[in-house]
There are 2 protein chains.
Amino acid sequence: MTDQSNAAGKPIRTAITDEDGIDFAIIELLFFAYRDFTSDPDQILADYGFGRAHHRVLHFVNRRPGLTVAELLDVLKITKQSLARVLKQLIDTDHIVQLQGPRDRRQRELYPTAKGRALALALARPQSRRIHAALEDSGAADRASIERFLEAMVNPELRAQIDIVPAKISGKSHGDH
Amino acid sequence: MTDQSNAAGKPIRTAITDEDGIDFAIIELLFFAYRDFTSDPDQILADYGFGRAHHRVLHFVNRRPGLTVAELLDVLKITKQSLARVLKQLIDTDHIVQLQGPRDRRQRELYPTAKGRALALALARPQSRRIHAALEDSGAADRASIERFLEAMVNPELRAQIDIVPAKISGKSHGDH
DNA sequence: AAATTACGTCAATAGTACTGACATAATTCC
DNA sequence: GGAATTATGTCAGTACTATTGACGTAATTT
């Protein structure tokens with residue numbers, strides 16, 4: 001069972017390289033970088049009995065206070081049912097509160113509490129430290145080009161989600177359909 | 001239940017910003033970039049009934065043909081049991097073959113088949129296309145600095161894993177403790 | 001011969017995600 | 001005012017990826 005006769009297909013002994021112009025170097029770097037990038041907050045979350053899903057919800061509720069459940073689902077690209085458990089836990093543990101929408105009372109606007117804001121900051125801190133260190137190590141002033149690269153990696157039709165953030169409401173105003 | 005009296009903690013209505021020097025912009029960009037980066041292969045994998053775990057195994061077996069199960073576990077940072085099912089499926093479907101280790105016959109060296117190599121390439125292609133497009137959009141010649149940044153994001157003690165790859169065996173030879 | 005190592009496997013569990021269905025309340029449409 | 005639509009919540013069932021712990025087997029090392 002451990003060695004295959006020949007019906008199975010012969011082993012290829014050469015490493016896959018940048019044949020066909022495939023950029024394996026950066027593909028692999030993204031994997032390693034993201035793996036370690038998320039490992040920082042994962043350790044903190046474990047103390048709370050939370051997972052990565054809680055982190056993402058907490059992050060976006062802090063970034064866009066007052067967003068509705070529907071908007072959050074759209075950003076996270078998960079389903080209502082997946083969000084339900086996570087959101088309920090965050091509300092039960094007093095990290096997030098719901099308020100009735102002012103215009104539409106069916107809507108639940110989500111806001112962080114002081115506790116939720118503190119946790120979001122605690123989770124972001126080691127990540128930010130890692131980013132700063134990496135920016136310095138990689139030769140200083142490239143920050144803008146790193147940002148442009150990452151932004152360009154996002155699906156164009158979803159880039160609007162990025163522009164919603166507070167710091168970036170410059171005079172962009174693209175599209176209103 | 002939907003509106004909180006006051007025992008719960010008051011809602012914070014201001015968005016979290018780069019207070020405390022936290023780099024939320026890049027934190028968020030990394031989330032969006034990685035989300036969309038992995039969405040490409042995810043769609044292909046679904047056709048095979050595979051998940052992201054299969055992709056990772058397939059990738060590294062193609063990148064380092066002949067690696068052992070133990071080495072693969074170390075790179076992926078998962079447990080033997082998590083790998084077991086995934087690896088078995090890839091072997092059963094003829095994407096990967098095991099060979100007895102030449103020196104140590106207890107070891108199983110993992111190799112891709114032609115089928116496994118083809119799938120690895122198919123999965124990498126859209127990712128590579130996205131990377132190239134992003135590199136161009138973000139202003140050309142920054143490729144080296146992007147690589148340096150991503151590499152610097154990886155935990156220093158784990159950077160050795162990156163250097164194992166074929167294309168990079170230059171004269172580095174750091175450490176042989 | 002005994003201990004260790006590499007691997008495989010079984011059992012039980014958890015976290016995150018999914019689809020589909022249904023309920024409730026609020027808004028909008030007619 | 002009644003009907004359709006919308007926003008949200010919830011229940012049931014399922015799947016994938018991951019976990020820990022225990023045990024077995026074969027091969028190597030001591």
Side-chain angles (χ1 to χ4, degrees), chain A residues 1-3 31 34-35 38-39 41-43 45-58 61 66-93 96-110, chain B residues 1-3 31 34-35 38-39 41-43 45-59 61 66-93 96-111:
Chain A
M1 199 199 239
T2 179
D3 74 332
F31 167 74
Y34 199 76
R35 182 193 65 178
T38 53
S39 70
D42 280 355
Q43 292 199 318
L45 289 161
D47 299 337
Y48 292 77
F50 290 163
R52 213 169 281 178
H54 299 84
H55 186 189
R56 291 195 285 261
V57 170
L58 205 47
V61 169
L67 49 38
T68 64
V69 172
E71 287 166 349
L72 186 53
L73 290 175
D74 190 50
V75 171
L76 297 178
K77 296 260 170 290
I78 59 175
T79 59
K80 210 195 325 181
Q81 293 72 13
S82 299
L83 176 61
R85 190 194 87 265
V86 169
L87 185 55
K88 189 178 186 334
Q89 285 177 280
L90 287 169
I91 290 170
D92 289 348
T93 55
I96 290 179
V97 291
Q98 291 180 320
L99 294 184
Q100 268 194 349
R103 285 187 289 276
D104 189 334
R105 289 188 304 175
R106 289 171 305 180
Q107 292 185 329
R108 307 281 183 264
E109 294 187 342
L110 304 174
Chain B
M1 199 199 240
T2 179
D3 76 331
F31 167 73
Y34 199 76
R35 181 193 67 178
T38 52
S39 71
D42 280 354
Q43 292 200 316
L45 289 160
D47 298 337
Y48 292 76
F50 290 163
R52 212 169 281 178
H54 298 85
H55 185 190
R56 291 195 286 262
V57 170
L58 205 48
H59 171 90
V61 169
L67 51 38
T68 63
V69 172
E71 287 166 349
L72 186 53
L73 290 176
D74 189 51
V75 171
L76 297 178
K77 296 259 170 291
I78 59 174
T79 59
K80 210 197 321 183
Q81 292 72 12
S82 298
L83 175 61
R85 190 194 88 264
V86 169
L87 185 55
K88 190 179 187 330
Q89 285 178 280
L90 287 168
I91 291 171
D92 289 348
T93 54
I96 290 178
V97 290
Q98 292 180 320
L99 296 183
Q100 268 193 348
R103 285 187 289 276
D104 188 333
R105 289 189 303 177
R106 288 171 307 180
Q107 292 185 329
R108 307 279 183 267
E109 294 187 341
L110 304 174
Y111 293 92

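Every heavy atom of this structure was used, including side-chain atoms; hydrogens, water molecules and symmetry mates were not.
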Check your understanding: Distance from B/Thr68 atom OG1 to B/Leu73 atom CG, nearest 0.5 Å?
Key -> 8.0 Å

Study note, to complete from the structure: DNA chain C nearest-nucleotide lookup for A/Lys80 and A/Val86: closer to the 5′ end is A/Val86

**Study point:** Listed nucleotide nearest any side-chain atom of B/Ala84, set D/dT19, C/dA17, C/dT9
**Key:** C/dT9

Practice item. Return the value, rounded to whole Å, for the distance between atom CG of A/Leu87 and atom C1' of D/dT8. Key: 11 Å

Exercise for review: For A/Ile78 and D/dT8, give me the distance from atom CD1 to atom C1', rounded to whole Å.
Suggested key: 15 Å

Practice item. Would you mind reading off the distance between B/Leu99 atom CG and C/dA6 atom P, rounded to a whole angstrom? Key: 19 Å

**Study point:** Side-chain N,O (B/Ser82) to OP1/OP2 (D/dT17) below 4.0 Å
**Key:** no

Exercise for review: Using only heavy-atom distances, decide whether a donor-acceptor pair under 3.5 angstrom links the side-chain of A/Lys88 to the base of D/dG9.
Suggested key: no

Check your understanding: At how many degrees, to 10°, do the end axes of the helix from C/dA1-D/dT30 to C/dC30-D/dG1 meet when each uses five pairs?
Key -> 20°

Study note, to complete from the structure: Sorted by chain and number, sequence neighbours left out, ring-ring contact (aromatic ring centres under 6.0 Å, His included) with A/His55 holds for none

**Study point:** Base-contact (B) and sugar-phosphate-only (S) positions in nucleotides 25-30 of chain C, heavy-atom cut-off under 4.0 Å, - elsewhere
**Key:** BBS---

Review point. Picking from D/dT19, C/dG8, D/dT10, which would you name as closest to the side chain of B/Arg108?
Key: C/dG8

Point to revise | Sole candidate of B/Ile78, B/Thr79, B/Leu83 that passes side-chain contact (heavy atoms from CB on, under 4.5 Å) when paired with B/Gln81 | key: B/Thr79

Check your understanding: Can you find a side chain N or O atom of B/Thr79 that sits less than 4.0 Å from OP1 or OP2 on D/dA18?
Key -> no

Exercise for review: Provide the closest heavy-atom pair for A/Arg52 versus A/Asp42 in the form atom of the first, atom of the second, distance.
Suggested key: NH2-OD2, 2.6 Å

Review point. Which pair of heavy atoms, one from A/Pro102 and one from A/Glu109, lies closest together, and at what distance?
Key: CD-OE2, 3.1 Å

Review point. Does the B/Arg105 side chain pair with the main chain of B/Arg103, one donor and one acceptor, at a distance under 3.5 Å?
Key: no

Point to revise | Closest contact, heavy atoms only, B/Phe31 versus A/Val75 | key: CE2-O, 4.4 Å

**Study point:** Spacing between A/Asp42 atom CG and C/dT16 atom P, to the nearest angstrom
**Key:** 10 Å

Study note, to complete from the structure: To the nearest angstrom, the CG-C1' distance between B/Leu83 and C/dA6 comes to 13 Å

**Study point:** N or O in side chain of A/Gln98 less than 4.0 angstrom from D/dT8 OP1/OP2
**Key:** no

Exercise for review: Take the protein atom CZ of B/Arg35 and the nucleotide atom P of C/dT16, then report the distance between them rounded to whole Å.
Suggested key: 18 Å

Revision key, fill the gap. Heavy-atom contacts, protein to nucleotides 11-16 of chain D, under 4.0 Å, summarised as B (base), S (sugar-phosphate only) or - (none) per nt, yield B----S

Review point. Between C/dC7 atom P and B/Ile96 atom CD1, what is the distance in whole Å?
Key: 14 Å

Practice item. Compare every heavy atom of A/Leu87 with every heavy atom of A/Gln98, then report the nearest pair and how far apart it is. Key: NE2-CD2, 4.3 Å

Revision key, fill the gap. Closest non-hydrogen atoms of B/Leu45 and B/Gly51, given as atom of the first, atom of the second and distance, are CD1-O, 3.5 Å

**Study point:** Spacing between B/Leu76 atom CG and D/dT19 atom P, to the nearest angstrom
**Key:** 10 Å

Study note, to complete from the structure: Heavy-atom nearest pair, B/Leu90 first then B/Thr93, reads O-OG1, 3.3 Å

Check your understanding: How would you list, by chain and number, every residue that makes a ring-ring contact (aromatic ring centres under 6.0 Å, His included) with B/Tyr111, sequence neighbours excluded?
Key -> none

**Study point:** Contacts of A/Asp47 that satisfy salt bridge (Lys or Arg N to Asp or Glu O under 4.0 Å) - sequence neighbours left out
**Key:** none

